[in-house]
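Computed over heavy atoms, backbone and side chain alike; hydrogens, waters and symmetry mates excluded.
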Amino acid sequence: MEKLRCGILGATGMVGQRFISLLNDHPWFTVTTVAASGRSAGKTYAEAVEGRWKLDGDVPSNVKDLVIKDITEIDAVTKDVDFVFSAVNMSKDEIKKIEEDYAKTETPVVSNNSAHRWTPDVPMIVPEINPEHLDVIEYQRKRLGTKRGFIAVKPNCSIQSYTPVLYAWRDFEPYEVIATTYQAISGAGKTFKDWPEMEGNVIPFISGEEEKSEMEPLRIFGSVKNGEIVSADNIKISCQCVRVPVLYGHTAACFVKLRKKASKEELIEKMTSLSGLPQELNLPSAPKQFIRYMEEDNRPQVTLDVDYERGFGVSIGRLRPDTIYDWKFVGLSHNTVRGAAGGAVLCAELLAAQKYIEKK
């Protein structure tokens with residue numbers, strides 16, 4: 001297939017950089033446009049990120065010499081792209097408006113931002129779990145007055161290490177969940193060089209994160225009714241979110257009550273056999289095995305396991321009966337791959353495979 005041309009909004013930030021890295025040599029997509037704030041506009045990408053490239057390795061050669069466009073000059077940004085990824089750093093209201101403005105130019109927007117996660121006709125997708133939510137796009141297009149433009153979003157990074165497990169166990173009807181997430185500093189767009197006070201430190205508060213962690217899984221487990229996504233009401237989740245001195249990888253400790261009894265072996269089998277549309281379609285970024293279970297008492301560990309399936313998979317361990325809840329486990333996911341840019345890339349691959357994103 002001829003590659004789709006994509007732009008990256010907010011290309012100089014940490015998530016934007018992760019998009020750049022993941023899309024280097026992508027078989028379906030090629031980055032033709034990078035956009036950022038007016039401060040960076042007019043510079044080459046290499047010039048704009050000099051001294052603040054946060055990832056391992058060098059800036060990919062295919063984007064080094066791209067001249068950054070001003071994110072607010074929408075016609076110029078959309079001129080040479082088939083769709084855009086959004087990782088902009090603005091207020092929520094500003095993001096909502098600019099993403100809709102891009103969609104109204106008939107340019108699909110696949111967003112890492114939280115601004116549209118609760119817009120009723122915007123799908124919030126974990127491709128293995130709720131691809132049917134893409135059905136709302138036709139209703140969104142009617143609202144926006146577009147034929148090909150729309151917005152799709154991926155959910156918060158903090159939920160990736162436990163929400164897939166709850167979905168895998170849906171036959172056993174989980175109905176009450178306690179989760180504590182131990183979240184890497186890259187989730188705040190930081191490295192230890194940027195945030196030296198995080199070394200050897202734990203901060204028991206991440207603004208807005210607990211509400212997202214409790215509510216977003218309910219929307220993912222919800223259903224499409226009358227052109228809107230209606231959240232599930234058969235499960236309750238309570239979360240605490242803690243920032244820990246780790247660069248990449250969000251860990252979750254979870255306690256779950258089930259309406260139907262299950263053995264440990266049955267629960268592990270449900271997790272490890274979970275497969276969805278990305279695997280069926282053999283999408284380029286899809287992990288071969290979405291969830292793996294690790295038998296060792298001291299796994300998963302960030303340093304050993306965060307890059308499982310190139311960061312697109314989820315590692316689970318320490319599944320055991322609990323004295324108050326039914327079961328407890330520990331999960332680990334890569335927060336800037338599966339949890340951020342990579343999740344959006346996988347979502348875009350699904351959208352392309354299902355012809356929601358096509359050549360202009």
Side-chain angles (χ1 to χ4, degrees), residues 6-26 29 31 33-41 43-69 71 84-90 95 110-114 154 156-158 160-161 181-203 206-207 209 241 243-251 285 302-303 305-308 310-312 332-346:
C6 65
I8 301 172
L9 313 181
T12 58
M14 181 174 266
V15 174
Q17 291 179 23
R18 183 62 76 180
F19 274 122
I20 293 287
S21 174
L22 290 170
L23 293 167
N24 187 32
D25 295 325
H26 192 280
F29 307 144
V31 178
T33 300
V34 286
S37 69
R39 294 189 306 276
S40 298
K43 298 177 182 177
T44 66
Y45 189 76
E47 289 169 342
V49 298
E50 186 176 1
R52 56 192 190 103
W53 179 253
K54 298 176 187 289
L55 306 184
D56 294 335
D58 297 327
V59 178
S61 58
N62 64 316
V63 300
K64 273 186 174 180
D65 297 325
L66 289 180
V67 176
I68 294 178
K69 297 180 180 179
I71 204 167
V84 295
F85 291 106
S86 177
V88 297
N89 183 17
M90 297 174 166
I95 292 170
V110 183
S111 181
N112 181 70
N113 299 303
S114 64
K154 51 144 291 296
N156 198 47
C157 54
S158 65
Q160 308 289 337
S161 50
T181 56
Y182 305 90
Q183 299 187 203
I185 65 172
S186 57
K190 306 285 190 182
T191 65
F192 287 107
K193 180 181 175 184
D194 306 323
W195 203 1
E197 60 268 37
M198 270 308 302
E199 292 194 33
N201 194 17
V202 168
I203 298 177
I206 306 171
S207 180
E209 203 77 356
C241 298
R243 188 74 73 192
V244 295
V246 163
L247 182 57
Y248 296 117
H250 287 355
T251 299
S285 299
V302 167
T303 55
D305 303 313
V306 73
D307 291 320
Y308 168 61
R310 299 160 290 115
F312 284 90
L332 172 66
S333 59
H334 197 305
N335 57 295
T336 68
V337 182
R338 170 58 77 162
V345 169
L346 186 60

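- Looking at heavy atoms from C-beta onward, Arg18 lies in side-chain contact with Val337 at the 4.5 angstrom threshold.
- Not counting sequence neighbours, the partners of Asn113 by the side-chain hydrogen bond (donor to acceptor under 3.5 Å, both in side chains) test are Ser86, Glu99, Ser111.
- Residues His26 and Val31 have side chains not in contact (no heavy-atom distance under 4.5 Å, counting atoms from C-beta outward).
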What verdict does the side chain to side chain contact (heavy atoms under 4.5 Å, CB included) test give for Leu23 and Cys6, after you've listed the backbone C-alpha separation in whole Å, the side-chain angles of each residue and the deciding distance to 0.1 Å?
CA-CA 9 Å; Leu23 293 167; Cys6 65; 4.0 Å; yes

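- Across all their heavy atoms, Leu55 and Ser21 have their closest contact at CD1-CB, 3.7 Å.
- Of all the heavy atoms in Ser158 and Thr181, the pair that sits closest is O-CG2, 3.7 Å.
- Contact between Ser285 and Phe312 at its shortest, heavy atoms only, is O-CG, 3.4 Å.
- Asn24 places a side-chain heavy atom less than 4.5 Å from the side chain of Asn62.
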Show me the donor-acceptor pairs within less than 3.5 Å that the side chains of residues 188-200 make with the rest of the protein, sequence neighbours left out.
from   : atom 1 : to     : atom 2 : distance (Å)
Thr191 : OG1    : Lys193 : N      : 3.4
Thr191 : OG1    : Asp194 : N      : 3.4
Thr191 : OG1    : Asp194 : OD2    : 3.1
Asp194 : OD2    : Lys54  : NZ     : 2.7
Asp194 : OD2    : Thr191 : N      : 2.9
Trp195 : NE1    : Glu197 : OE2    : 3.3

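- For the atom pair CG of Leu332 and CG of Asn335, the computed distance is 9.5 Å after rounding to the nearest 0.5 Å.
- Side-chain contact check for Val202 versus Pro245: some heavy-atom pair is nearer than 4.5 Å.
- The ring of His250 has its center no closer than 6.0 angstrom to the ring center of Tyr182.
- Arg338 and Ser333 form no side-chain donor-acceptor contact under 3.5 Å, judged by distance and modelled atom types alone.
- Taking 4.5 Å as the limit, some side-chain heavy atom of Tyr45 sits within range of a side-chain heavy atom of Trp53.
- Heavy atoms only, all atoms of each residue included: Gly10 and Ile71 are closest at N-CD1, 3.8 Å.
- Side chain of Lys154 to main chain of Gly339: a donor-acceptor pair is present (N/O by atom type, distance under 3.5 Å, no hydrogens or angles).
- Nearest approach of Ser40 to Thr12, heavy atoms of both residues: OG-CG2, 4.2 Å.
- Annotation: the span from His334 atom NE2 to Cys157 atom SG amounts to 11.5 Å, rounded to 0.5 Å.
- Of all non-hydrogen atoms in Ile68 and Ala36, the two that sit nearest each other are CG2-N, 3.6 Å.
- Not a single donor-acceptor pair under 3.5 Å links the side chain of Arg243 to the backbone N or O of Ile206.
- Considering CG of Asn112 and CG of Leu9, their distance stands at 11.5 Å, rounded to 0.5 Å.
- With rounding to the nearest 0.5 angstrom, the CZ atom of Phe85 is 10.5 Å from the CD1 atom of Ile20.
- Here the side chains of Val110 and Val84 are not in contact, with every heavy-atom distance at 4.5 Å or above.
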Mind running side chain to side chain contact (heavy atoms under 4.5 Å, CB included) on Val34 and Lys69 for me, showing each step along the way?
CA-CA 6 Å; Val34 286; Lys69 297 180 180 179; over 6 Å; no

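- Ser161 contributes no side-chain N or O that, together with a main-chain N or O of Thr251, makes up a donor-acceptor pair within less than 3.5 Å.
- A heavy-atom distance below 4.5 Å is not found between the side chains of Gln183 and Val244.
- For the atom pair Thr303 OG1 and Leu247 CG, the distance stands at 12.5 Å (nearest 0.5 Å).
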